[in-house]
Number of protein chains: 2
Amino acid sequence: MSTQEDIQEKKKRISVWIVDDNKSFCVVLSEALNRSNSITCDRYFHSSRQAIEFLETNNHPPQVILLDIKMPGTKGVDAIESIKRIAPSTNIIMLTSYDFDTDIRTSLKRGASGYLLKSSQPMDIIRAIQTVQKGGTPLDPMITQRMTDAFIAENPESDAYNLSAREREVIRWISQGMNSAEVAQQLSITYNTVETHIKNIFHKLNVSNRHAMVAKAIKERLI
Amino acid sequence: MSTQEDIQEKKKRISVWIVDDNKSFCVVLSEALNRSNSITCDRYFHSSRQAIEFLETNNHPPQVILLDIKMPGTKGVDAIESIKRIAPSTNIIMLTSYDFDTDIRTSLKRGASGYLLKSSQPMDIIRAIQTVQKGGTPLDPMITQRMTDAFIAENPESDAYNLSAREREVIRWISQGMNSAEVAQQLSITYNTVETHIKNIFHKLNVSNRHAMVAKAIKERLI
DNA sequence: GCATAAATACCGGGTTCCCGGTATTGATTC
DNA sequence: GAATCAATACCGGGAACCCGGTATTTATGC
């Protein structure tokens with residue numbers, strides 16, 4: 001294989017880190033991942049602390065982190081927010097040996113992109129990494145079912161901000177690219193009212209400008 | 001059941017429309033959906049045109065539309081963009097009897113949120129509707145696999161706009177709520193450079209302000 | 001070596017946004 | 001009927017954004 005092809009190959013591969021206290025699990029999984037031609041497992045860590053420290057001093061975060069939920073020291077669930085703060089664009093897939101509803105929910109709430117059982121086949125994990133890079137939410141079917149049942153009854157996070165229908169409507173048009181004047185015309189209300197709605201949304205979502213509002217609304221599916 | 005409970009019950013249910021030329025399929029599926037306690041199938045249409053017309057004159061779009069991909073007249077794939085234009089927040093799940101890669105890709109590109117085989121059990125469809133409302137992407141496992149294989153080799157849509165790594169980085173920080181000055185500090189470049197990057201992104205994404213940029217970048221998974 | 005593209009940097013001026021207020025109406029709730 | 005909330009509306013000023021330029025350096029490609 002020539003150097004050029006080699007570089008091209010590397011570019012295509014999805015970069016992945018593993019964070020798991022079980023050393024042999026890390027070795028086995030990283031080898032399996034590297035055998036696939038779409039993923040490179042750059043490195044693995046045996047504690048959240050080590051991974052976060054490396055992330056902070058290094059300016060090349062991976063595209064995906066596989067994060068064990070149950071570890072000595074900082075728990076996986078607690079590491080999510082730190083990781084997301086340092087590397088907002090890195091997708092996190094949680095790995096777990098057991099399945100407590102609360103942990104699943106907490107993880108997804110804090111920014112994890114997926115949730116898999118450690119008993120999954122390497123092929124399933126590879127597929128999950130690919131899925132998450134394309135924007136999907138890889139969840140073990142067992143977990144999906146459990147989540148669906150548990151989540152659907154109560155109100156999801158989406159309702160936590162108490163946005164009114166009108167406010168959501170304003171966000172929708174704003175996210176289409178309209179400015180306040182255009183939204184006003186669209187909704188047949190005055191410019192001032194639109195501005196008031198936006199100010200109220202800012203408070204409810206705890207943001208201070210439109211782009212953050214749009215980002216939060218889309219990411220948290222408020223609109 | 002009292003009236004209050006009745007109203008509360010209705011509020012919780014996910015509103016769904018079915019668009020499928022097969023009349024008995026519509027009847028059977030809508031009955032199955034209504035039997036669940038989480039979904040209300042408000043109405044069904046036997047052509048995309050009818051559904052779109054109703055959507056235009058009515059200001060209560062459903063939360064989810066199940067859309068057959070193969071219909072006489074306007075094809076399901078072509079209806080997606082019209083539906084998304086009228087009701088941007090409505091999630092669309094495509095139904096299909098067959099599975100061509102191109103159709104799957106086109107549908108997702110145009111804004112569909114999921115893709116199911118019509119041979120799926122009603123229970124699977126119910127779960128898919130719930131999934132899509134929580135932000136997931138329900139895809140039939142058969143389809144997922146096919147997609148993953150086909151998509152991963154070539155560059156995904158995300159590359160169509162030719163955003164540079166630096167530009168994506170700028171969008172990421174902007175979408176966190178930072179202003180240009182803060183992004184400049186974050187990236188150790190000047191305010192002017194950030195503004196230049198943003199201007200260039202505007203051109204590439206064909207938008208004219210930050211909130212549209214953020215919305216597009218997130219929706220099309222550019223960041 | 002020359003074209004192309006990415007990343008960097010600067011300027012000026014018009015527009016829009018952001019934020020602090022205040023206030024009225026109508027519907028719901030207690 | 002008082003309180004609360006959503007939706008409506010207005011004002012003013014300072015900050016940030018948008019857009020039209022121009023320009024240099026470095027890296028990549030042919």
Side-chain angles (χ1 to χ4, degrees), chain A residues 2-8 10-11 59 159-217 222-223, chain B residues 2-5 7-8 11 59 159-217 222-223:
Chain A
S2 83
T3 312
Q4 283 190 330
E5 277 170 347
D6 194 22
I7 287 165
Q8 228 175 341
K10 270 183 189 164
K11 272 190 185 167
N59 47 9
D159 292 12
Y161 300 102
N162 279 316
L163 290 182
S164 70
R166 199 57 156 175
E167 286 165 345
R168 280 192 298 273
E169 204 168 356
V170 169
I171 302 178
R172 270 195 286 274
W173 294 116
I174 290 284
S175 77
Q176 305 279 311
M178 286 187 182
N179 61 25
S180 296
E182 289 164 336
V183 175
Q185 195 174 15
Q186 178 67 38
L187 299 180
S188 303
I189 55 180
T190 67
Y191 169 84
N192 298 301
T193 305
V194 174
E195 291 277 299
T196 303
H197 281 314
I198 290 173
K199 272 191 284 190
N200 292 334
I201 297 166
F202 282 3
H203 286 133
K204 289 186 180 178
L205 297 191
N206 191 32
V207 295
S208 57
N209 53 42
R210 287 159 199 240
H211 39 280
M213 171 188 82
V214 166
K216 191 158 192 170
L222 305 177
I223 54 170
Chain B
S2 83
T3 312
Q4 283 190 332
E5 276 170 348
I7 288 165
Q8 226 171 343
K11 273 189 186 168
N59 48 10
D159 291 13
Y161 299 103
N162 278 317
L163 291 182
S164 71
R166 200 55 156 175
E167 286 165 345
R168 278 193 297 273
E169 204 168 356
V170 169
I171 302 178
R172 269 194 287 275
W173 293 116
I174 290 284
S175 78
Q176 304 279 308
M178 286 188 181
N179 61 26
S180 296
E182 288 163 337
V183 175
Q185 194 173 16
Q186 178 67 39
L187 300 180
S188 302
I189 54 180
T190 66
Y191 170 83
N192 297 301
T193 306
V194 174
E195 292 277 300
T196 302
H197 282 313
I198 290 173
K199 270 190 285 190
N200 293 334
I201 297 167
F202 283 2
H203 287 131
K204 287 186 181 180
L205 297 192
N206 192 31
V207 295
S208 58
N209 54 41
R210 289 160 197 237
H211 37 280
M213 171 188 82
V214 166
K216 191 158 191 169
L222 305 177
I223 53 169

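Naming: A, B, ... by sequence-line order, numbering from 1 per chain.
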Check the distance between C/dA5's P and B/Leu163's CG and give it to me in whole angstrom. 15 Å
Both B/His211 and B/Ile189 contact DNA chain C. Taking the nearest nucleotide for each, which residue is further toward the 5' end? B/Ile189
What does A/Ser208 touch in the nucleic acid at a heavy-atom separation under 4.0 angstrom: a base, only the sugar-phosphate, or nothing? sugar-phosphate
Within the 4.0 Å heavy-atom criterion, would you say B/Asn200 contacts the bases, only the backbone, or no part of the nucleic acid? nothing
Donor-acceptor contact below 3.5 Å, side chain A/Thr193 vs main chain A/Ile189: no
Ignoring backbone atoms, establish whether A/Ser164 has a side-chain N or O less than 4.0 Å from OP1 or OP2 of D/dC5. no
Salt bridge between B/Glu169 and B/Arg166, side-chain N to carboxylate O under 4.0 Å? yes
Please report, rounded to the nearest Å, how far the C1' atom of C/dC18 is from the CE atom of A/Met213. 12 Å
Between A/Arg168 (CZ) and D/dA6 (P), how many Å, whole number? 11 Å
What is the separation between atom CG on A/Asn162 and atom P on D/dT4, rounded to the nearest whole Å? 16 Å
Hey, what do you get for CD1 (B/Ile174) to CG (B/Asn179), rounding to the nearest 0.5 Å? 7.5 Å
Answer with base, sugar-phosphate or nothing: what part of the nucleic acid does B/Asn192 contact at a heavy-atom distance below 4.0 Å? base
Please give, in whole Å, the distance from C/dA6 P to B/Tyr161 OH? 17 Å
Rounded off to whole Å, could you give me the CD1-to-P distance for the B/Ile201 and D/dC18 pair? 11 Å
B/Thr196 side chain N/O closer than 4.0 Å to the phosphate oxygens (OP1, OP2) of C/dA7? no
Distance check needed: C/dG20 P versus A/Lys199 NZ, whole Å only. 9 Å
Using a cut-off of less than 4.0 Å, is there contact between a side-chain N or O of A/Thr193 and OP1 or OP2 of D/dA9? yes
Is B/Ile198 close to B/Glu167 at the side-chain level, that is, under 4.5 Å between some pair of heavy atoms? no
Side chain of B/Thr190 only, please: which of C/dC10, C/dC17, D/dT8 is the nearest? C/dC10
Which of the following nucleotides, D/dA16, C/dC17, D/dC18, is nearest to the side chain of B/Glu195? D/dC18
Return the CG to CD distance between A/Asn200 and A/Glu195, rounded to the nearest 0.5 Å. 11.5 Å
Ignoring backbone atoms, test whether B/Arg166 places a side-chain nitrogen or oxygen under 4.0 Å from the OP1 or OP2 oxygen of C/dT8. yes
Nearest-angstrom distance from the residue atom NE2 of B/His203 to P of D/dC19: 7 Å
Residue A/Asn179, side-chain heavy atoms: nucleotide from D/dA9, C/dC18, C/dT16 that is nearest: C/dT16
